[in-house]
Amino acid sequence: MMILLQTKWKLSTMFGLVVVLLIGNTAYAANPADNFYWSDGVPTLSCSDGGNNKGGVVIDGKKVAIDLPTCEEAKKNQVKVLVNGQYLHTIFGSGAEPYSEDGRTMIPLKALADAFGFEVNWEQSEQKITLKNDKKSIILHVGKSEMLVDGEKVMLEKAAPTVKNNVTFLPVRPLAELLGVKVDWDAATRTATFANETAEQSSES
């Protein structure tokens with residue numbers, strides 16, 4: 001993906017990526033086409049400083065126009081996701097930015113699977129998502145609050161998998177809690193933090 005500049009706006013996403021590559025410890029997702037990566041660098045904002053707020057990206061060789069939010073609006077809506085000391089970064093224009101809805105942090109399916117070591121199976125006809133790792137088997141459906149965890153029905157309170165900007169999002173807190181992952185929300189910085197005991201013990205040693 002390549003960004004085309006059409007106006008004066010903050011190159012925060014691309015600049016942040018360059019800085020991370022130069023000075024940070026970056027842990028990338030297995031597939032760069034997923035439009036996200038993990039880094040210990042704090043995500044920065046992609047926004048307009050005023051005036052013409054038009055921007056553009058080139059996706060698969062096609063130019064796509066994008067309206068940039070004001071920096072005030074971007075700061076108000078930004079949700080940071082921190083998993084075991086690594087922040088989730090999404091590629092500008094991908095539509096995969098985490099967001100908060102009804103008090104639930106929603107992150108892209110592929111990023112969640114990558115963070116918690118799930119294998120993913122998607123069945124389009126049923127809008128069915130199956131997540132499996134060595135601890136759990138979880139089955140969810142887009143738009144439904146009921147899920148199956150190791151064959152038992154569990155309800156997702158005020159949350160359901162959803163599709164937004166052609167990206168499938170999942171509520172991360174209840175899935176993290178199923179795995180025994182410690183969850184914390186910092187309202188001041190709008191940061192959802194997830195850490196398992198292994199990672200915490202490693203950082204303390």
Notebook entry, point to check: Are Leu88 and Val167 grouped together when hydrophobic residues (ILVMFWY) are joined by side-chain heavy atoms under 4.5 angstrom apart?
Noted result: no
Checklist line | More than 12 heavy atoms from other groups under 6.0 Å of CD on Glu72 | finding: no
Check: Among the clusters formed by ILVMFWY side chains lying less than 4.5 Å apart, do Tyr87 and Tyr37 turn up in the same one?
Finding: no
Margin query: Quiz question: by atom type and distance under 3.5 Å, do the side chains of Trp38 and Asp114 form a donor-acceptor pair?
Written below: yes
Margin query: Please say yes or no: joined through hydrophobic side-chain contacts below 4.5 Å, possibly via intermediate residues, are Leu82 and Phe116 part of one cluster?
Written below: no
Checklist line | Side chains of Lys136 and Leu179 in contact at under 4.5 Å (non-hydrogen atoms) | finding: yes
Notebook entry, point to check: Among Ile139, Leu131, Leu156, Ile129, which residue meets the side-chain contact (heavy atoms from CB on, under 4.5 Å) test with Met147?
Noted result: Leu156
Next item on the list: Group every Ile, Leu, Val, Met, Phe, Trp and Tyr by side-chain heavy-atom contacts under 4.5 Å, then state whether Val183 and Tyr99 land in the same group.
Entry: no
Margin query: Can you give me the closest heavy-atom contact between Ala159 and Ser145, atom names plus distance?
Written below: O-OG, 3.0 Å
Notebook entry, point to check: Taking everything shown except Lys80 itself, do over 12 heavy atoms lie less than 6.0 Å from its NZ?
Noted result: yes
Next item on the list: Answer whether the closest heavy-atom distance between the side chains of Glu146 and His141 falls below 4.5 Å.
Entry: no
Next item on the list: May I ask whether Leu178 and Met106 are part of the same hydrophobic cluster, defined by side-chain heavy atoms of I, L, V, M, F, W, Y residues being less than 4.5 angstrom apart, directly or through others?
Entry: no
Margin query: Please give me the minimum heavy-atom distance between His89 and Gly41, naming the atom from each residue.
Written below: NE2-O, 2.6 Å
Checklist line | The single option from Val120, Leu175, Thr168 passing side-chain contact (heavy atoms from CB on, under 4.5 Å) against Leu112 | finding: Leu175
